[in-house]
Amino acid sequence: MTGFVDLYSENDTFLHRLDPRVKILSVLLLSLLAFVLSTLYSLVVLLAFIFLLLFLSRASLSRTWFALRFVLRFMTLIVILWPIFDSAGTPVWATLGPIKITEPAVWRGFTSAARVGCLACVWYILMFTTSQRDLVRALVRMGLRFDYGLTIAISLRFFPSFMATIYSIIDAQRARGLEFNRGGLIKRSRKYVAVLVPAVVSALRTADSLSLALQSRAYGAKARRTYLRQLKMRRSDFAALAIVTALFVVPFVAKYVFFVHI
Amino acid sequence: MKALKMCEVTARYRGADRDSLSRVSFEIEKGEMVLLLGARGAGKSTLCMLANGLIPHAIPCTLEGSIETFGRDISSLPVAEHSTKVGIVFQEPENQLFCMSVEEEVAFGPENLAVDREEISERVEWALEIVGLKGYNDRPPSSLSGGQKQRLAIAASLSMRPEMLVLDEPAYALDPIGRLELYSLLTDLKRRHGLTVLIAGRDAEEAATCVDRVALMSAGRMVRTGTPAEILAAPEPLRSIGVPPLQVSELIEALGKKAKRFEYGAITVDALAGQIGEALGEAGTDR
């Protein structure tokens with residue numbers, strides 16, 4: 001669970017070295033591009049490009065598989081379910097009672113699955129190559145209020161601790177004889193109250209201690225705070241941003257100005 | 001000028017049915033290292049938070065009496081102003097580290113005070129070197145050991161350049177090695193950097209040899225203050241207020257029951273060894 005929150009792995013690749021703001025903007029542009037493209041072929045090309053970037057991020061195979069298996073399951077589900085609920089078009093490939101499986105619907109299923117794959121995997125590039133610290137720092141530099149940035153940072157920082165607390169409480173309750181897997185849904189849900197109450201109390205205590213720690217370190221003392229580390233855009237950052245912008249603008253203009261079906 | 005001067009202070013938290021501090025008068029000289037000793041609920045944490053201004057500014061509390069830190073009334077200035085004079089470190093290191101890297105953690109205070117970037121960088125390196133975490137700048141705090149986390153919390157306070165450091169049960173969650181490292185660091189801060197140090201704790205085992213003075217608290221009252229030998233040598237007065245006596249004085253107590261030669265006074269193993277050596281010498285002469 002904690003691994004899903006932080007997929008970052010330290011490496012020295014050009015993707016790791018890019019300014020986090022460039023990575024955020026690039027990921028947003030590539031996500032929008034996935035909506036601009038409407039044919040299966042163009043989406044597969046985009047997906048291949050994203051996979052190439054994932055490969056270049058040099059994330060370990062186990063980490064990549066950990067992240068991708070959720071997307072692959074979801075994509076498979078879309079491919080299977082889409083033709084069942086969308087019966088528009090001809091030719092009809094099969095009829096199963098009231099369900100008609102048509103050829104265009106099958107392709108639409110593949111297209112949607114490819115789009116979902118692009119949208120998910122492009123964000124993995126950001127998560128694989130950008131530390132949470134840089135991500136929050138970039139968001140603050142892009143205009144997010146420091147308070148909100150700090151809130152995100154604290155949430156990311158304490159999420160693993162909170163999960164560890166929950167697992168400890170579950171283990172402690174099991175040691176006292178509470179069996180979470182027995183009984184019906186309502187009975188099982190009630191048993192989790194014995195986990196939730198101490199977990200919430202623990203979280204509130206942590207929050208209380210945190211607020212004191214923040215105040216004792218002059219949080220909010222000055223209207224404008226200074227920052228030890230500043231983000232600086234380099235030539236390679238501008239170049240990367242220009243390439244991704246071009247990748248977005250060219251298909252966008254082709255589709256909406258010259259009405260090319262891509 | 002006193003580092004801390006409390007005169008007839010009574011404090012009661014909002015909604016509480018009894019005073020957390022009751023007519024406490026207490027002073028700490030600049031450069032002094034003091035152990036505030038007492039059982040749970042003795043009022044140690046309240047006194048610590050009063051010294052830093054967290055009470056009454058962050059925690060609502062009814063206050064009587066006067067409290068001054070370095071000649072400044074605590075009620076007249078916000079916590080941020082106090083934090084540049086009095087730094088505070090809490091019991092649980094985990095709950096006071098909220099940044100994503102060691103460097104950010106230490107820089108957080110000076111950044112809030114809008115200190116220049118170059119100076120923040122200097123302060124960070126200085127504080128990390130003092131606490132023995134130099135080179136850990138990019139490490140996430142969660143990857144550190146308990147002792148290292150507590151030292152990081154101290155570095156985070158030190159980077160605000162306080163004149164006094166208040167530590168509320170800093171050794172509570174630490175293993176024996178972590179405790180020894182912590183007290184060695186605090187002694188170093190006092191001796192080499194002239195910092196005034198106030199440590200609140202439930203036992204005096206490791207602190208006994210480091211501090212200049214011990215203040216004994218019980219049920220919100222200041223019971224006694226004195227040198228470690230004066231306060232810690234006899235076990236019974238400590239037991240009576242729920243504080244575990246030093247192992248050395250418990251051993252003297254046990255030895256004293258066997259042979260009358262042993263008297264309370266030693267608070268270190270070396271001093272006790274001296275007493276035992278003398279006793280053995282006398283026994284040899286008698287024979």
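Model, not experiment: these values are computed from the prediction. Below, chain A is the first sequence line, B the second, and so on; all start at residue 1.
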Give, as side chain, backbone, both or neither, the part of [X] having an atom under 4.5 angstrom from any heavy atom of chain A.
X: B:Ile120; answer: both
X: B:Ala156; answer: both
X: B:Leu97; answer: both
X: B:Pro140; answer: neither
X: B:Phe98; answer: both
X: B:Glu104; answer: side chain
X: B:Val124; answer: side chain

query: Is the backbone N or O of B:Gln96 less than 3.5 Å from a side-chain atom of A:Arg217, with the two atoms forming a donor-acceptor pair by type?
result: yes
query: For the side chain of A:Thr226 and the backbone of B:Val115, is there at least one donor-acceptor N/O pair under 3.5 Å apart?
result: yes
A:Lys222 vs B:Glu111, salt bridge (Lys or Arg N to Asp or Glu O under 4.0 Å): CA-CA, chis, key distance, verdict: CA-CA 9 Å; A:Lys222 306 272 179 190; B:Glu111 283 177 340; over 6 Å; no
- request: Determine the option with the most heavy-atom pairs under 4.5 angstrom with chain B, choosing from A:Gly220, A:Ser131, A:Ser216.
  value: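 The answer is A:Ser216.
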query: Residues of residues 70-88 of chain B under 4.5 Å from chain A (heavy atom pairs)?
result: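 Residues in range: B:Val79, B:Ala80, B:Ser83, B:Ile88.
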Partner chain A: residue of B:Glu118, B:Glu119, B:Met100 with the largest heavy-atom pair count (under 4.5 Å):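 Highest number of pairs under 4.5 Å: B:Met100.
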message: Quick check for you: among B:Asn52, B:Val89, B:Leu54, which has the greatest number of heavy-atom pairs under 4.5 Å with chain A?
response: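 Heavy-atom pair counts peak at B:Leu54.
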Contact origin within A:Leu150 toward chain B - heavy atom pairs under 4.5 Å: side chain
- prompt: Contact part of A:Arg224 toward chain B, heavy-atom cut-off under 4.5 Å: side chain, backbone, both or neither?
  reply: backbone
message: Just verifying a value: how many Å separate A:Arg157 CZ and B:Ser101 OG, rounded to the nearest 0.5 Å?
response: 11.5 Å
- prompt: Roughly how far, to the nearest 0.5 Å, is the OG atom of A:Ser161 from the CD atom of B:Glu94?
  reply: 4.5 Å
Residues 189-201 of chain A side chain polar contacts: donor-acceptor under 3.5 Å, at least two apart:
unit_1: A:Ser189; atom_1: OG; unit_2: A:Leu185; atom_2: O; d: 2.6
unit_1: A:Lys191; atom_1: NZ; unit_2: A:Glu179; atom_2: O; d: 2.5
unit_1: A:Lys191; atom_1: NZ; unit_2: A:Arg182; atom_2: O; d: 2.9

Looking at every non-hydrogen atom in both residues, tell me the closest pair between [X] and [Y] and how far apart they are.
X: A:Leu228; Y: B:Ala107; answer: CD2-CB, 3.8 Å
X: B:Ala58; Y: A:Gln215; answer: CB-OE1, 3.3 Å
X: A:Ala218; Y: B:Asn112; answer: O-CB, 3.0 Å

- request: Answer yes or no: is there a side-chain heavy-atom contact under 4.5 Å between A:Arg205 and B:Asn95?
  value: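 Contact flag for A:Arg205/B:Asn95 side chains = no.
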